[in-house]
Amino acid sequence: MKNRFYFDGPLAAGSVVRLSDEERHHARVLRVREGEDVEVFDGRGAVYAAGFDSADANRLGSEVPNREARGAHHLAMAGIQTEKLELVL
């Protein structure tokens, strides 16, 4: 599975994006190497394949299908004792 990075801005094939400080730290923690294939997404459904040139320059390739679930998630819980409810929250 490719590493994914969030970019808060418009994405277009062929453009170069600069990752935020948080995402650059994310890349450093994951030890992403130059030339590695990654994905860049905008949180609004657009996902692009990209080459990781550096944390400051990632050239976007073609748009790829979004692999995130589209449905809403619901969590159900049985009734429990009040003191244990705080642990769950």
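Not measured: the values here are computed from a predicted model. Numbers here simply count residues along the sequence, with the first being 1.
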- Is there any side-chain hydrogen bond (donor to acceptor under 3.5 Å, both in side chains) pair reaching into residues 26-37, and which pairs are they, with sequence neighbours excluded? N3-E36, E23-H26
- Item | With F41, the ring pair (Phe, Tyr, Trp, His ring centres under 6.0 Å) member among Y48, F7, Y6, F5 | Y6
- Message: When you compare the side chain of V40 with that of V47, does any pair of heavy atoms fall below 4.5 Å?
- Response: no
- Between A50 and L60 the two heavy atoms that sit nearest each other are CB-CD2, 3.9 Å
- Any side-chain heavy-atom pair from D42 and D8 closer than 4.5 angstrom? no
- To the nearest 0.5 Å, what is the distance between CG (L30) and NE2 (H25)? 9.5 Å
- Determine, for E39 against K2, whether the closest basic-nitrogen to carboxylate-oxygen distance falls under 4.0 angstrom. no
- Quick one: do L11 and V16 end up in the same hydrophobic cluster if we chain Ile, Leu, Val, Met, Phe, Trp and Tyr together by side-chain heavy atoms under 4.5 Å apart? no
- Note on the structure: Between the CG atom in L19 and the CG atom in N58, the distance rounded to the nearest 0.5 Å is 4.5 Å
